Amino acid sequence: MIGPGVSIVAAGMVRFGERFDAGYEDLAVGAWRAALASGGDRLDGERVEAAWLSTALGGLIRREAVTGASLADPLRFYPRPVTRIENACAGGSDAVRNAAFAVASGVYDVVLVLGVEKMRDVPTRASLIAQRGTMSHLWWHPRGATSPYLFAQHATVMMDEGLITREDMALVSVKNHDHGALNPNAFMRKPVTVEQVLASAPVCEPLSVLDCCPTTDGAAAVVLCRSDLAQQFTDAPVELVATGLATDTMYSHTKPVFGRQPAPTRAAADAYRMAGIDPGDVDVAELHDCFTVAELLAYEDLGFCERGKAAAWLRAGNAAIGGALPCNPSGGLLSKGHPIGATGVAQLCEIFWQLRGEAADRQVDGARIGLTHNVGGNGQVCCVNIARRS
Amino acid sequence: MTTAGIQGIGTYVPPGRLPVSELRRHWPGVAGPGGVTSVSVAGFDEDVVTMGVEASDAVMAVTGIEAGDIDLLLMATCSSPYAEHSAAAEVARALGLAPTAGLVDLAGSVLGGVQAVIAAADAVRAGRVGRALVVVSDCRRGRPGTAVEALGAGSVALVVSRDAPAVIGATSSWRHGVPTRWRPDGANALHHYDDTRYELLGLVVPAVSAALDALDPRPAFTAVGPLDPRSRSTVHRAVGLDGDGSAAEMAVIGDLGSAGPLFALAGHLSSGSGETGACVAVEPGSGAAAFAVHATVAVPAVDRRPASANIDYIEYLQRAGVLEGPVPPAPIVPHAASPGAARDDAGGSLAGSRCVACGSLHVPPRRVCADCGGLDLALERAPREGRVVTFNVQHVVAVHPEPAPVAVGVVRLEGEGGERGGQVSAMFCDSDLGALVVGAPVELVYRRLGTEDGLVKYGWKARAVVVAGTRPPAAAGMGAGR
């Protein structure tokens, strides 16, 4: 429990994709309206007292400063307080975390968390480079490094040590595309086969195009409130019971080891302790599968399986809908898409729907405890949030 | 009287080779350089600065001379990346020379290499400096479709000091004629008055003869350049002296410009023949410059030469910048000339910081130890050898002008412990990407890392450890590469 208790009472998102039809403001307003609509007549936007905005690449792609006003203006939210959070790809979950702390402190009763990213106003290649710009020291990140490199470097070592195979990674893509095909808000809704993944164009060996999440436009929003007020807004609130945040080095060359990530392990340990649960208690998880190998790393970093057993755990069907611990029923970043600042918030939207039994074709039966795992940069920051059906 | 001499020689030839047959295929009927079958070509990430650093590094290693021992650096080249800005300063920064070391740039004439050695010897003899490093490096090219299109690329670095094994004796200079080769202001390629017989018999031979006649005593052999092997034979016959035995080698690497005569001399000095030789630079229309050298014992020499690989004419033109693809969008980074870039330039000489408490080495330098949190760190130059920890071949990557794919990874520095320290991030170069494996030995080499507004960004790349190049028998006396 976070302080006296914080609950999620509304969630909404726009359809993720290459939204050539929608600008940053359109996406932000779309997610806000969707969240309000999910609360029906009982959630009045005027009750929301403050907001946290997560956008990662605003300055690099929009070439303009992103501030609290970037949310306040399009939503006509002013003069209410809005804090902008930027923490690489983990910004969305960190915004949830900080908003929850504000509620837990007693300063606010009802707050909004909104993540939004407009990436496809530039070519995918330029967007990739913008991400590279935020990830590390601008001169010392090695020339030629890209986003997939930051995870592919783990894959090289894990393959060299015989812990995973190329096919194991492809199976993550297959599973998440299968899930995403069931999600109307997902970007890439077409199932893929192992053969298609292996035959897709190489990007950063051993990763190919279908091992990589797509460059995505999108926005997502959740409304948090004091748990003792939650029934005012919905009959089925979801409690946000724990949050963990951890950091690690910015650089590849100061990583102590490849094939595991210290920050997610620490963030998860803190979150499990705060929630009073073990990894085995988690019923459904949204993982940061920006690249296929990242999901395999996550199984071990989060304690879903033993070290070195990720591939076997996946192949046993545990991570699929219907398995022991379904991972990424939304389709994950690989299929649903990865609008950087919105991702962590969208992960929590999915958990909200799963725990309320509203996930339709992709529903995980009987899910009571859900987890989001949101990794920034090369693993330099990770936020793990845990929610429970009230 | 104090003597000045050559204490050691390092040479470097880049791996790229353009077969002359490629030129003949695209420009039938154009005469190529006589007796040359291929020319060496600088890589996308190489220029006279990086090649000069390679040769300097080689000579410093073979002589055991440290950066702090060098009082003066003379850099001679006709193909500096800059029309204005000191190439010598770029090399000095990469080598980590003392900021007090003198810098001299000789540019715009292939006589510059020999002139630099003469100037260095004069400075040493006068007692003005104890030890000078002469760096001579060129990667010229002529206009497409001309007889001088295919020129080679390579570098030589010599340490000139007192009491060295190869004593520099008499020197001479001879001005003669009007030019038949010139590169106009703003042009990238050499222009040529197309009468090679006049050039050789009317300009080269008279200038070399006069310069040799002015040397006393008359030498027993001559290392003359830059000339193609056939022209060199003609000169040797005309002046009645033996050559230096480098003809076979020159036939596969071509005309090295200002580095040509010194490169030819290197093989001979390393054998320590005991004969007096003459090193002569000649430039048609400018004249010749010469120094006599007498080696009583073998001069320490090392030749750095990665295994060669042929390229086709299209790649040759791409490397030369004649054919240029679209420049990819650049990440938003501070300008390479900004104060922030200058602050980080400690890395130019591969500086690291070592934790006094736990011994971990951090490259680039850190203010706080990544392993133990120690606040007391001392700067030192990092080791150059290491092993691949992890790497990835990237097919979608925004680097320019190198073509994809490129490899990037992490290297564990040789002999360095520490859990988070002791490693560097680097792009790989000159490597067979398919042969990279975890654990492979690599060395860090200085390379171009792109340009910004015409300003070259230099830094370190990792290269699969150089296998000693096979040199022709005539030069077999030279030391093997590391």
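None of these values were measured; they are calculated from a predicted model. Here is how names work: the chains are called A, B, and so on, in the same order as the sequence lines, proteins then strands, and each is numbered from 1. Just so you know, these numbers use all the heavy atoms, side chains as well, and skip hydrogens, waters and symmetry mates.
Remark: side-chain polar atoms of A:S252 are not paired, donor with acceptor, to backbone N or O of B:S425 under 3.5 angstrom. B:N392 places no side-chain N or O within 3.5 Å of a backbone atom of A:C204 that could act as its donor or acceptor partner. Although no hydrogens or angles enter the test, the distance criterion places a donor-acceptor pair under 3.5 Å between the side chain of A:T156 and the main chain of B:F391.
No other option in B:V437, B:V389, B:V424 has as many heavy-atom pairs under 4.5 Å with chain A as B:V424. When the candidates B:G409, B:G439, B:G421 are compared by the number of heavy-atom contacts under 4.5 Å with chain A, B:G409 comes out ahead. Here A:D160 is the residue among A:V257, A:T249, A:D160 with the most heavy-atom pairs under 4.5 Å with chain B. Ranking B:G450, B:S360, B:G418 against chain A, the residue ahead of the rest is B:G450, based on heavy-atom pairs under 4.5 Å.
Between B:V438 and A:M159, every side-chain heavy-atom pair lies at or beyond the 4.5 Å cut-off. A:Q153 has its side chain within reach of B:V410: a pair of non-hydrogen atoms, C-beta onward, lies under 4.5 Å apart.
Of all heavy-atom pairs spanning A:P256 and B:R420, the tightest one is CD-NH1, 3.2 Å. B:H395 approaches A:P202 most closely through the heavy-atom pair CB-O, 3.4 Å.
The part of B:A370 that comes within reach of chain A is its side chain, from C-beta onward, which places non-hydrogen atoms under 4.5 angstrom from that chain. For B:R366, the part sitting under 4.5 Å from any heavy atom of chain A is the side chain, from C-beta outward, and nothing else.
Within a 6.0 Å sphere centred on CZ of A:R166, other residues, nucleotides and ligands contribute more than 12 heavy atoms.
Using modelled atom types, one finds no donor on one side chain facing an acceptor on the other under 3.5 Å when comparing A:T254 with B:Q423.
The NE2 atom of A:H253 sits 14.5 Å away from atom OG1 of B:T390, with the distance rounded to the nearest 0.5 Å.
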